[in-house]
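Reviewing the structure listed below.
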There are 2 protein chains.
Amino acid sequence: MELLKVSSQSKPKLVAGAIAAVLRNGETVEIQAIGAAAVNQAVKSIAVARGYVVPNGIDLICYPAFSQIDVDGAEKTSIKFVVENKS
Amino acid sequence: MELLKVSSQSKPKLVAGAIAAVLRNGETVEIQAIGAAAVNQAVKSIAVARGYVVPNGIDLICYPAFSQIDVDGAEKTSIKFVVENKS
């Protein structure tokens with residue numbers, strides 16, 4: 001599974017392009033975001049990506065989950081989105 | 001479709017309970033959030049709700065989208081999540 005790390009500075013259109021590319025390859029993508037601003041950018045990216053893949057007959061769905069990750073030795077709670085083709 | 005409006009002050013566990021109740025009734029729920037903090041609470045709520053409905057055999061999925069809404073006469077862009085049972 002491809003992993004994309006999204007920050008508060010990430011550009012939704014660029015992240016959406018990366019999500020779309022993975023889905024068109026028939027693969028699933030995991031998006032990781034820490035903090036409200038990053039989660040917001042991740043959600044926008046997923047919403048934009050839906051429009052990118054519709055012409056390819058892909059109906060994108062996502063599942064959010066919590067995930068504990070290690071950042072410079074400190075444990076932080078991140079939000080993880082698994083994005084895949086519904087069909 | 002049930003509509004839940006989530007703000008930055010919403011409690012994820014309470015919103016998750018509301019999402020779970022709608023899904024157990026076999027219905028679909030739409031969650032509306034404006035701003036990064038509200039979107040973050042909405043995503044946490046959906047992640048918590050997944051755990052609530054798993055024992056009921058419900059595999060929750062969501063689709064984020066943009067939505068224009070009217071707030072006190074001004075048009076704002078909100079994030080809308082449609083949450084439903086996968087199967």
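Convention: sequence-line order gives letters A, B, ...; per-chain numbering from 1. Keep in mind the model is a prediction, meaning the values are calculated, not measured.
- Between A:Ile79 atom CD1 and B:Lys44 atom NZ the span is 7.0 Å, to the nearest 0.5 Å.
- Grouping the Ile, Leu, Val, Met, Phe, Trp and Tyr side chains by contacts below 4.5 angstrom, directly or via other members, places A:Ile61 apart from A:Val43.
- Interface remark: A:Val48 contributes backbone and side-chain atoms alike to the contact with chain B (heavy atom separation under 4.5 Å).
- Each of B:Val29 and B:Leu14 belongs to its own hydrophobic cluster when Ile, Leu, Val, Met, Phe, Trp and Tyr are linked at side-chain heavy-atom distances under 4.5 angstrom.
- For the pair A:Asn40/B:Asn40, no side-chain contact is recorded, criterion being any heavy-atom separation below 4.5 Å from C-beta on.
- By the 6.0 Å contact criterion, CD on B:Gln32 is enclosed, its count of non-hydrogen atoms from other residues, nucleotides or ligands being greater than 12.
- The nearest pair of heavy atoms linking A:Ala65 to B:Arg50 is CB-NH1, 3.7 Å.
- Counted within 6.0 Å of CD on B:Gln68, heavy atoms from surrounding residues, nucleotides or ligands total more than 12; the atom is thus considered enclosed.
- Ranked by non-hydrogen atom pairs under 4.5 Å with chain A, the options B:Ala36, B:Ala42, B:Ala49, B:Gly51 are led by B:Ala36.
- Two different hydrophobic clusters hold B:Ile19 and A:Val82 under the rule that ILVMFWY side chains link at heavy-atom gaps under 4.5 Å.
- If you take OH on A:Tyr63 and CG on B:Leu60, they are separated by 9.5 Å, rounding to the nearest 0.5 Å.
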